[in-house]
Number of protein chains: 2
Amino acid sequence: MRTKDKAKIQALIKTRKAQILDAAMLVFSRDGFNKASTDEIANVAKLGKGTVYRYFKDKKELFIATVDRGLDRLKDSILAKVDGIDDPLERIEAGSKAYLTFFGKNPALIDMMIHEQSEFKERIKKQYFEHYYGSIDRMRRIFRKGITGGLIKNVDVDTAISILTNILNGQIYMWRVEGKKGFPEDKISVILKIFFTGVIKDEKRRQKYE
Amino acid sequence: MRTKDKAKIQALIKTRKAQILDAAMLVFSRDGFNKASTDEIANVAKLGKGTVYRYFKDKKELFIATVDRGLDRLKDSILAKVDGIDDPLERIEAGSKAYLTFFGKNPALIDMMIHEQSEFKERIKKQYFEHYYGSIDRMRRIFRKGITGGLIKNVDVDTAISILTNILNGQIYMWRVEGKKGFPEDKISVILKIFFTGVIKDEKRRQKYE
DNA sequence: TTTAATTGACGGACTGGCCAGTCAGTATAA
DNA sequence: TTATACTGACTGGCCAGTCCGTCAATTAAA
């Protein structure tokens with residue numbers, strides 16, 4: 001094999017990693033980090049356990065890599081749907097819908113994230129907000145553009161962003177708990193109606209909070 | 001001992017359970033269900049491991065009891081703050097604030113709930129929505145009252161409730177991740193401003209979503 | 001009242017099972 | 001023949017739950 005076919009070697013590594021990550025996603029999302037066994041992951045991947053440890057240093061690294069691959073796909077998927085939309089409100093709408101749609105198609109990632117929260121507090125502490133989705137800055141820009149353009153109220157941008165993502169995460173989580181009926185994106189219109197315009201109808205009362 | 005001192009026996013049971021639950025809260029919230037060892041819980045409680053198993057069937061039952069005690073206290077705490085407030089909007093405001101304040105004082109419960117999500121999917125599936133906080137019905141009534149009274153828009157009540165609780169849960173979670181700076185209830189005014197009146201400023205755009 | 005018997009709370013050493021990670025040996029491809 | 005991808009039996013450590021001995025408190029007997 002020598003120095004010969006570097007491309008082939010890279011291709012093999014890629015195949016094996018993908019094979020293992022697919023299996024890991026299945027087993028980890030179902031059983032959680034602790035109860036999942038590397039033996040089963042190896043079996044599902046149709047590889048020996050030693051091979052798994054050839055491509056991933058330990059169980060923790062494998063878990064993290066599994067989550068990361070999911071989040072990368074999420075980010076790509078949203079960017080693709082949002083690309084080219086300039087109007088802030090429309091972009092928020094499209095992004096939110098893409099977010100829900102992605103999880104509707106990839107429910108295992110929901111469980112992975114729940115398990116990650118429970119097991120890897122420290123990692124999340126360091127990475128979540130600035131780096132996790134690699135999207136915070138982009139969202140800040142959208143919101144600021146909306147504010148300077150007079151579309152959006154002059155609220156604290158980070159809080160507004162966190163509120164929107166919390167609503168979306170919560171909806172995804174509830175969709176999972178309730179047995180994955182329908183599609184999570186079905187509720188997008190109610191969600192955005194509330195996030196964009198609030199629940200209060202009465203004008204006088206509304207002004208008290210504006 | 002005979003039929004004599006039933007009260008004393010009950011008192012002992014109560015003391016021991018409280019002792020164990022306090023220790024369990026500390027250890028479980030810090031280490032999660034799997035990594036926490038019953039040996040350490042026993043040590044922290046200053047009891048032998050055998051004694052822990054005298055009062056709780058197994059590790060799982062102990063964990064659940066720990067969460068349940070926390071949730072009962074949460075419910076009591078909110079009800080006390082909300083009692084006597086008739087106006088729906090004011091009641092939502094007071095309840096939301098009480099919710100955040102409680103977790104600000106009891107951050108260990110946040111971690112317990114995160115670990116519970118990760119470990120006991122089935123329990124949550126069955127209990128969360130109708131029974132978990134024992135509060136869903138109460139909240140439904142408040143929102144319906146607001147709608148019939150013309151204060152609140154005629155949105156789907158359950159979705160509106162889930163959005164509000166998701167926002168609050170998310171804020172608590174972020175407060176934890178960000179290192180518990182300040183108090184989680186500090187952001188209550190921005191949260192309610194958005195939940196009550198939305199983020200859109202521009203009237204024309206607003207009408208598109210109403 | 002004193003002493004003996006009984007009860008049951010308590011402790012913690014022990015066991016059986018599980019599993020992450022290793023490593024010596026095998027298969028395969030160059 | 002050689003290099004390396006692969007395998008899975010094995011090991012060492014961990015820990016939930018058990019179980020029996022201990023001891024303090026209570027009751028019965030003397």
Side-chain angles (χ1 to χ4, degrees), chain A residues 1-28 30-66 115-116 118-120, chain B residues 1-28 30-66 115-116 118-120:
Chain A
M1 203 169 261
R2 195 49 54 96
T3 49
K4 216 184 139 190
D5 247 339
K6 288 214 171 175
K8 219 170 198 174
I9 294 171
Q10 291 308 312
L12 177 64
I13 292 175
K14 215 178 159 185
T15 318
R16 288 278 175 274
K17 283 202 168 184
Q19 211 175 339
I20 295 165
L21 287 170
D22 287 343
M25 179 69 103
L26 179 73
V27 177
F28 277 137
R30 192 192 57 212
D31 300 338
F33 179 74
N34 286 285
K35 282 172 192 153
S37 82
T38 51
D39 273 294
E40 191 183 354
I41 292 170
N43 288 341
V44 171
K46 302 196 173 173
L47 291 169
K49 195 193 330 199
T51 309
V52 171
Y53 279 88
R54 168 171 269 278
Y55 291 94
F56 296 93
K57 189 174 114 266
D58 54 22
K59 198 184 180 187
K60 181 174 173 178
E61 188 181 293
L62 175 56
F63 184 92
I64 303 280
T66 309
H115 296 311
E116 190 196 22
S118 171
E119 291 296 329
F120 303 107
Chain B
M1 200 168 263
R2 197 48 50 99
T3 48
K4 216 184 140 190
D5 251 338
K6 288 211 171 174
K8 218 170 198 175
I9 295 172
Q10 292 307 312
L12 177 65
I13 293 177
K14 215 177 159 186
T15 317
R16 288 279 174 275
K17 283 203 168 184
Q19 209 175 343
I20 295 165
L21 287 170
D22 288 342
M25 179 70 102
L26 178 75
V27 177
F28 276 137
R30 191 191 60 211
D31 300 338
F33 180 75
N34 286 285
K35 282 171 191 154
S37 82
T38 51
D39 273 295
E40 191 183 355
I41 292 170
N43 288 341
V44 171
K46 303 198 172 172
L47 290 169
K49 194 189 338 194
T51 308
V52 171
Y53 278 89
R54 167 170 272 280
Y55 291 94
F56 295 94
K57 190 172 113 265
D58 55 23
K59 200 185 181 187
K60 181 174 173 180
E61 189 182 293
L62 175 56
F63 184 92
I64 303 277
T66 309
H115 297 310
E116 190 195 23
S118 171
E119 291 295 330
F120 304 107

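Because only heavy atoms are used, hydrogens play no part in the values below, and waters and symmetry mates are left out as well, while side chains stay in. Numbered from 1 within each chain, the chains take letters A, B, ... in sequence-line order. Just so we're clear, the structure is a prediction, and the values are computed from it rather than from any experiment.
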Taking only the side-chain nitrogens and oxygens of A:T38, find out if one of them lies under 4.0 Å from OP1 or OP2 of C:dA20. yes
Would you compute the distance between atom NE2 of B:H115 and atom CD of A:E119 and round it to the nearest 0.5 angstrom?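 Reported value, rounded in 0.5 Å steps: 8.0 Å.
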Taking for each residue the nucleotide of DNA chain C with the nearest heavy atom, is it A:D39 or B:L47 whose nucleotide lies nearer the 5' end? B:L47
Of the nucleotides C:dC10, D:dT18, C:dG21, which has the atom closest to the A:K59 side chain? C:dG21
Looking at the side chain of B:S37, which of C:dG11, D:dA16, C:dA9 is the nearest nucleotide?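 Ranking C:dG11, D:dA16, C:dA9 by closest atom to the B:S37 side chain puts D:dA16 first.
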For A:R16, which contact category applies under a 4.0 Å heavy-atom criterion: base, sugar-phosphate, or nothing? sugar-phosphate
Determine the contact category for B:F56: base if any of its heavy atoms lies under 4.0 Å from a base atom, sugar-phosphate if only primed atoms, P, OP1 or OP2 are that close, otherwise nothing.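 The residue B:F56 makes no contact with any strand.
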Using side-chain heavy atoms (C-beta onward) and a distance below 4.5 Å, is B:L21 in contact with B:M25? no
Do B:K59 and B:L62 come within less than 4.5 Å of each other through their side chains, counting heavy atoms only?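 No. Closest side-chain heavy atoms not under 4.5 Å.
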Per the atom types in the model, does the base of C:dG21 pair as donor or acceptor with the side chain of A:K49 at under 3.5 Å? yes
Crowding at NZ, B:K60 (>12 non-hydrogen neighbours, <6.0 Å):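 Incorrect, the count does not exceed 12.
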Atom CG of A:D58 to atom C1' of C:dT22: distance rounded to whole Å?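 Rounded to whole Å, this separation is 13 Å.
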